[in-house]
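Some notes on the structure that comes next.
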Amino acid sequence: MKTIAVLPGDGIGEEVVREGLKVLETVAAVTGFQYKLETYPYGAEHYLKTGETFPDSALRAMKDHDAILLGAIGDPRVETGMLERAIIMGVRFGLDLYINLRPIKLYAEHLCPLKGVTPSMIDMVVIRENTEGAYVGLGGIMNQDTDNEVAVCNMVWTRAGTERVIRYAFELAEKRKKQNRVTLVDKANAIRPMDLWTRTLARVAKEYPSITTDHAYIDAACMWMVKNPDWFDTVVTDNLFGDIITDLGAMLQGGLGIAASGNIHPGQVSMFEPIHGSAPKYQGQNKACPVATINAVLRMVDFLGETEGSQLVENAIAGALSTKKIPSLRAGAMPTNEAGDIIVSEIKAQAKS
Ligand code: IPM
Ligand code: MN
């Protein structure tokens with residue numbers, strides 16, 4: 001019996017998570033696995049009521065689960081970034097979820113803003129390092145609001161941290177059996193300490209003779225992702241760079257309405273989330289697109305070892321999008337619950353056939 005922690009969070013989080021859980025329930029029933037849910041209240045409402053963001057007890061509670069499903073965090077009533085840092089980054093760092101797995105796959109041609117790009121041309125996965133880089137919080141502000149103000153933010157990479165994420169990339173490239181290539185995205189020309197990434201990639205690559213390596217500076221990688229997205233298979237990169245290029249990647253596959261991620265520590269409790277934010281202006285209106293959260297559920301089911309289930313969800317998403325039963329991934333294109341219902345019926349239809 002798997003146990004799953006649910007953190008709906010803020011804004012549209014609750015609405016999209018509801019649809020994600022509907023899909024989870026369907027796929028579990030169809031393929032016959034069992035799970036237990038426990039919902040946690042952390043987010044803006046909870047903070048405004050209690051003054052608590054994400055206490056140590058919450059982090060400890062997360063460890064009693066096999067996986068965590070997160071909706072969205074962020075609320076205009078709360079200081080910028082405070083809840084995001086406490087909850088999203090609190091879980092990533094607190095549980096040492098060093099892989100941020102962000103698949104970028106186009107399921108239907110009309111969803112891609114690029115001309116002449118077909119689904120077979122966009123199937124890559126970005127592995128974003130998730131526990132180091134600019135996100136470690138090493139730095140600060142001195143002489144704030146004076147003419148002598150100084151702001152410092154250090155990007156931190158360790159040999160061990162770099163090696164483990166790069167190793168994961170090679171393992172995944174082998175498993176994917178696509179182009180058998182790992183592309184390192186860095187900025188080692190201008191930021192020389194990033195040479196650690198270059199050397200680590202070269203060293204780890206020797207253990208994976210069937211995988212070729214490739215390299216692109218982050219600025220060029222942005223260009224290539226638009227110009228020749230079909231060149232990418234498995235990409236590994238730093239935390240901040242990965243954050244940025246996966247929003248670009250999200251657009252390649254149809255937008256934030258579909259992009260999802262897994263925050264993973266192999267073999268330990270891991271967290272799955274849509275990569276979009278809480279979109280407060282759509283809260284409670286049944287307008288948000290739930291496909292990104294359903295895509296996160298797909299990743300979670302796969303992580304839990306239910307590969308038949310994750311395949312069903314993926315086929316259902318692909319089916320609903322390519323037939324235009326879900327015609328668009330934009331907010332307001334169709335009611336949130338109806339989009340969830342469509343995926344549910346696709347799963348049931350597939351299970352019968
Ligand atoms: C993401 C988000 C987060 C990040 C924010 C909300 C802290 O943009 O998951 O991509 O920067 O990692
Ligand atoms: Mn982001």
Side-chain angles (χ1 to χ4, degrees), residues 1-43 61-73 88 91 95 97 101-103 105 107 257-264 268-276 278 286 288-321 325-326 329 334-352:
M1 168 81 85
K2 307 286 184 195
T3 93
I4 297 165
V6 183
L7 289 164
D10 302 324
I12 57 170
E14 196 177 309
E15 296 158 61
V16 292
V17 161
R18 193 182 307 132
E19 301 312 306
L21 293 178
K22 222 155 77 177
V23 168
L24 178 64
E25 193 182 329
T26 308
V27 81
V30 163
T31 63
F33 70 86
Q34 291 193 317
Y35 63 93
K36 224 173 60 204
L37 299 176
E38 199 158 330
T39 303
Y40 294 84
Y42 303 104
M62 295 300 121
K63 293 180 185 161
D64 292 333
H65 298 282
D66 296 293
I68 304 162
L69 182 65
L70 175 88
I73 299 293
I88 302 179
V91 173
L95 299 178
L97 306 179
L101 187 74
R102 299 190 157 182
K105 197 164 173 179
Y107 290 109
I258 184 164
S261 67
N263 302 268
I264 296 172
Q268 296 183 21
V269 56
S270 296
M271 177 170 76
F272 299 82
E273 54 171 336
I275 82 171
H276 63 63
S278 58
N286 202 27
C289 176
V291 175
T293 304
I294 292 167
N295 200 6
V297 166
L298 183 177
R299 297 293 144 200
M300 181 173 77
V301 169
D302 185 61
F303 171 80
L304 293 172
E306 301 293 336
T307 38
E308 188 195 343
S310 66
Q311 199 54 61
L312 275 175
V313 181
E314 181 163 29
N315 294 345
I317 292 175
L321 295 177
K325 285 178 191 162
I326 296 177
L329 297 162
M334 84 188 301
T336 308
N337 65 316
E338 282 178 30
D341 290 343
I342 287 170
I343 302 285
V344 164
S345 52
E346 287 282 312
I347 293 173
K348 287 182 178 159
Q350 271 184 57
K352 272 197 216 116

Just distance, no hydrogens or angles: give the donor-acceptor pairs under 3.5 Å from side chains in residues 4-17, sequence neighbours left out.
unit_1: Asp10; atom_1: OD1; unit_2: Ala44; atom_2: N; d: 2.6
unit_1: Asp10; atom_1: OD2; unit_2: Gly74; atom_2: N; d: 2.7
unit_1: Glu15; atom_1: OE1; unit_2: Asn286; atom_2: N; d: 3.1
unit_1: Glu15; atom_1: OE2; unit_2: Gly284; atom_2: N; d: 2.4

For residues 19-30, which side-chain donor-acceptor pairs fall under 3.5 Å, sequence neighbours excluded?
unit_1: Glu19; atom_1: OE1; unit_2: Lys22; atom_2: NZ; d: 2.5
unit_1: Lys22; atom_1: NZ; unit_2: Asn337; atom_2: O; d: 3.3
unit_1: Lys22; atom_1: NZ; unit_2: Asp341; atom_2: OD1; d: 2.7
unit_1: Thr26; atom_1: OG1; unit_2: Lys22; atom_2: O; d: 2.8

Side-chain atoms of residues 293-302: list all donor-acceptor pairs with protein atoms under 3.5 Å, sequence neighbours left out, distances to 0.1 Å.
unit_1: Asn295; atom_1: ND2; unit_2: Ile258; atom_2: O; d: 2.8
unit_1: Asp302; atom_1: OD1; unit_2: Ser310; atom_2: OG; d: 3.4

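Between Pro103 and Ala260, the shortest heavy-atom distance links the atoms CD-O, 3.7 Å. When all heavy atoms are compared, the tightest approach of Ile347 to Leu312 is CG1-O, 4.1 Å. For Gly340 against Pro290, the heavy-atom pair with the smallest separation is N-CG, 4.1 Å. Heavy atoms only, all atoms of each residue included: Phe303 and Ser270 are closest at CZ-OG, 3.2 Å.
Residues forming a side-chain contact (heavy atoms from CB on, under 4.5 Å) with Gln311 (at least two apart in sequence, or on another chain): Glu314, Asn315. In this view, Tyr40 and His65 satisfy the ring-ring contact (aromatic ring centres under 6.0 Å, His included) rule, not counting sequence neighbours. Residues satisfying the side-chain contact (heavy atoms from CB on, under 4.5 Å) test with Ala72, not counting sequence neighbours, are Ser278. Every residue two or more places apart in sequence or in another chain that forms a side-chain contact (heavy atoms from CB on, under 4.5 Å) with Glu308 is listed here: Thr31. In terms of the ring-ring contact (aromatic ring centres under 6.0 Å, His included) criterion, Phe33 has no residue partners (sequence neighbours excluded). Applying the side-chain contact (heavy atoms from CB on, under 4.5 Å) criterion to Lys325, with sequence neighbours excluded, gives Thr323, Ile342, Glu346. With sequence neighbours excluded, the residues forming a ring-ring contact (aromatic ring centres under 6.0 Å, His included) with Tyr42 are His46, Phe54, listed by chain and number.
For the atom pair CG (Leu321) and CG (Leu329), the distance works out to 5.5 Å, reported to the nearest 0.5 Å. Here the CD1-NZ distance, from Ile317 to Lys105, works out to 10.0 Å after rounding to the nearest 0.5 Å. Ile68 CD1 to Lys63 NZ: the interatomic distance, rounded to the nearest 0.5 Å, is 10.5 Å.
A side chain to side chain contact (heavy atoms under 4.5 Å, CB included) with Met271 holds for exactly one of Asn263, Leu95, Ile264; it is Asn263.
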Exercise for review: Using the side-chain contact (heavy atoms from CB on, under 4.5 Å) rule, take Asp64 and Thr3 through it: C-alpha gap first, then chi angles, then the decisive distance, then the call.
Suggested key: CA-CA 8 Å; Asp64 292 333; Thr3 93; 5.8 Å; no

